Amino acid sequence: QVQLVESGGGLVQAGGSLRLSCAASRGTFSSYTMGWFRQAPGKEREFVAAISWSGARTDYAASVKGRFTISRDNAKNTVYLQMNSLKPEDTAVYYCAARGGPMLHTSPDGYNYWGQGTQVTVSS
């Protein structure tokens with residue numbers, strides 16, 4: 001069973017950048033499809049990005065496409081989310097998630113394992 005730990009969150013001004021990391025332990029990281037989700041106060045958890053086990057396929061929410069980039073380093077058991085041109089509406093707790101199988105699910109229900117989350121706050 002894979003365990004996930006996110007890091008890299010913080011406070012940034014609008015227009016700035018952050019890079020989130022999610023380190024995996026236990027399990028075979030390279031066999032997992034990985035996703036990033038976020039949840040703002042009072043809102044449901046929403047899909048941000050996903051990446052296939054090899055990194056060859058990615059998917060993004062429309063709201064972040066062109067600003068965020070998901071990537072992974074299987075040798076380091078880590079998935080990243082590079083976030084550029086941040087907006088106040090990107091403020092949320094960001095979660096990394098893992099699932100076995102090749103599908104790039106956009107629903108939280110499609111993922112079996114979750115990290116504890118990292119807070120991202122974008123000030124205007």
Side-chain angles (χ1 to χ4, degrees):
Q1 178 172 336
V2 65
Q3 293 184 336
L4 306 171
V5 178
E6 302 96 335
S7 61
L11 174 63
V12 64
Q13 289 188 333
S17 298
L18 282 175
R19 188 176 82 155
L20 305 183
S21 299
C22 172
S25 60
R26 302 184 181 178
T28 306
F29 178 74
S30 59
S31 68
Y32 289 99
T33 293
M34 301 298 296
W36 285 98
F37 289 78
R38 65 188 182 187
Q39 189 167 18
K43 295 188 176 182
E44 293 187 352
R45 192 167 297 189
E46 65 173 3
F47 171 74
V48 175
I51 188 167
S52 62
W53 66 271
S54 68
R57 293 180 295 122
T58 58
D59 192 14
Y60 295 93
S63 59
V64 307
K65 193 170 291 185
R67 300 188 298 122
F68 290 10
T69 302
I70 188 171
S71 61
R72 66 190 295 162
D73 185 338
N74 287 343
K76 295 182 178 180
N77 289 352
T78 301
V79 63
Y80 305 98
L81 185 68
Q82 178 67 44
M83 305 186 295
N84 299 329
S85 302
L86 283 161
K87 304 175 181 180
E89 51 263 44
D90 294 318
T91 295
V93 177
Y94 282 71
Y95 297 91
C96 131
R99 68 178 301 277
M103 292 292 291
L104 300 185
H105 275 284
T106 60
S107 168
D109 294 339
Y111 291 80
N112 308 103
Y113 307 105
W114 293 85
Q116 83 290 349
T118 186
Q119 177 70 48
V120 171
T121 303
V122 184
S123 62
S124 56

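Keep in mind the model is a prediction, meaning the values are calculated, not measured.
Tracing side-chain contacts under 4.5 Å through hydrophobic residues (I, L, V, M, F, W, Y), one reaches L18 starting from V122; they form part of the same cluster. In the hydrophobic clustering of this structure, F37 does not group with V64; members are Ile, Leu, Val, Met, Phe, Trp, Tyr whose side-chain heavy atoms approach within less than 4.5 Å, directly or through other members.
The nearest pair of heavy atoms linking F47 to A61 is O-CB, 3.4 Å. Contact detail for G55 and T58: the closest heavy-atom pair is O-CG2, 4.4 Å. I70 and Y60 make their closest contact through N-OH, 2.9 Å (heavy atoms, listed as atom of the first residue, atom of the second, distance). Of all heavy-atom pairs between S17 and N84, the closest is OG-OD1, 2.9 Å. The two residues P88 and S124 come nearest to each other via the heavy atoms CG-CB, 3.9 Å. In plain terms, the two heavy atoms of T33 and Y111 that are nearest each other are O-CE2, 4.1 Å.
Exactly one residue among V2, D109, N112, L104 makes a side chain to side chain contact (heavy atoms under 4.5 Å, CB included) with R99. That residue is N112.
The closest side-chain heavy-atom distance from T106 to E46 is not below 4.5 Å. Proximity of M83 to V12: side-chain heavy atoms (C-beta onward) are nowhere separated by under 4.5 Å. Taking 4.5 Å as the limit, every side-chain heavy atom of V79 sits out of range of all side-chain heavy atoms of Y32. Here the side chains of Y95 and L4 are not in contact, with every heavy-atom distance at 4.5 Å or above. At least one side-chain heavy atom of F68 sits under 4.5 Å from a side-chain heavy atom of L86. Residues R45 and W114 are in side-chain contact: their nearest non-hydrogen atoms beyond the backbone lie under 4.5 Å apart.
For the pair Q116 (side chain) and V5 (backbone), a donor-acceptor distance under 3.5 Å is absent. Formation of a donor-acceptor pair under 3.5 Å by the N74 side chain with backbone atoms of F29 is not found in this model. For the pair E6 (side chain) and G117 (backbone), a donor-acceptor distance under 3.5 Å is present.
Other residues, nucleotides and ligands contribute over 12 non-hydrogen atoms within 6.0 Å of the CZ atom of R57.
Under 3.5 Å, the side chains of Y94 and R38 contain a donor-acceptor pair of N or O atoms.
Distance CG/L11 to CD/Q119: 9.5 Å, rounded to 0.5 Å. Once rounded to the nearest 0.5 Å, the distance linking SG of C22 with CG of N77 reads 10.0 Å. Here OG of S21 is found 9.5 Å from CD of Q82. Values are rounded to the nearest 0.5 Å. Rounding to the nearest 0.5 Å gives a distance of 9.5 Å between OG of S31 and CH2 of W53. The OG atom of S52 sits 12.0 Å away from the CE atom of M34 when rounded to the nearest 0.5 Å.
Among pairs with a residue in residues 34-71, none fulfils disulfide (SG to SG under 2.5 Å), at least two apart in sequence or across chains.
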